[in-house]
Amino acid sequence: MDLKLDHHGKDGIEIVDVEGEIDVYTAPRLRELLIELVNNRFYQLVVNMEKVEFLDSTGLGVLVGGLKRVRAHDGSLDLVCTQERILKIFRITGLTKVFGIHDTVDEAIAARRAEK
Amino acid sequence: MATVELSFTALPAHVRTARLVATAVARRSGVDESLLDEVRLAVGEACSRAVEGHQLYCPAEPVRLSLTDLAGRFEVEVTDTCAPFARSSGGPGAVADRPGADPAGSPAGAGARVPDGLGIAVIEGLADEVQISETAAGTRIRMSWPSAGGSR
């Protein structure tokens with residue numbers, strides 16, 4: 001399956017809905033969207049990965065790049081993911097310590113609010 | 001002789017095809033369903049790495065993938081023919097420092113590339129057995145998983 005991207009605002013946080021496969025072929029589109037959001041001054045991001053079917057290290061690089069960009073503006077990039085096969089790659093690479101990973105979008109928003 | 005051999009043009013779009021073929025052959029070879037995601041991801045990582053090297057140094061050369069159903073093992077071999085890529089990246093597992101890579105080695109750079117070592121780390125974390133070797137022509141990544149075998 002190809003990659004579908006959408007985004008919308010909720011409680012002052014921009015939610016990025018990702019569906020499909022994030023790999024060396026499709027990851028540039030996600031990177032472009034994250035750059036576009038930051039350029040449009042959206043610095044609080046939640047990437048909803050509940051419908052992601054595949055993620056490789058190229059996709060991880062795009063997410064880390066997005067995190068670095070928002071942090072440059074004191075922003076945040078949290079993830080929503082409960083799929084074990086996707087979480088596994090975060091564990092293998094140690095990135096579970098870098099990203100806030102939540103079970104639901106509402107939980108991610110609440111966690112972000114609590115930190116403020 | 002390999003059960004299935006595939007050679008493809010070094011384009012990112014074909015990495016998905018390689019993943020699908022590898023997963024299908026692994027399933028037919030009797031690799032446990034719980035390991036198929038690992039096969040898919042590890043093969044994708046190895047092919048992505050090879051495609052990147054070929055695009056930099058030898059875009060006209062195909063990437064080669066061989067899938068072999070041995071007795072009790074499912075073996076995958078991804079071979080690239082870009083020796084300069086292996087040398088410039090300091091060999092398998094090294095952090096990338098090559099043309100096109102972000103100067104600071106940062107994934108947030110223009111190319112948003114992850115250091116080469118991350119893809120290799122993922123492969124090593126997923127495959128049951130991994131062997132990475134430099135050949136005269138480039139790099140060969142050999143990975144294997146247990147299988148029921150005998151389904152050639």
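Linking Ile, Leu, Val, Met, Phe, Trp and Tyr whenever their side-chain heavy atoms come within less than 4.5 Å leaves A/Phe54 and A/Val80 in two separate clusters.
The line from CD of A/Glu84 to NZ of A/Lys88 is 7.5 Å long, rounded to the nearest 0.5 Å.
Using a 4.5 Å cut-off between heavy atoms, B/Glu124 does not touch chain A at all. Contacts between A/Leu55 and chain B at a heavy-atom distance below 4.5 Å involve the backbone alone (N, CA, C, O). Only the side chain of B/Arg19 has a heavy atom closer than 4.5 Å to any heavy atom of chain A.
Ranked by heavy-atom pairs under 4.5 Å with chain A, the list B/Val122, B/Leu11, B/Leu41 is led by B/Leu41.
Note: A/Tyr43 and A/His73 have parallel aromatic rings, judged against thresholds of 30 and 60 degrees for the angle between ring planes.
We find that A/Arg112 and A/Asp78 are joined by a salt bridge, their nearest charged nitrogen and carboxylate oxygen being less than 4.0 Å apart.
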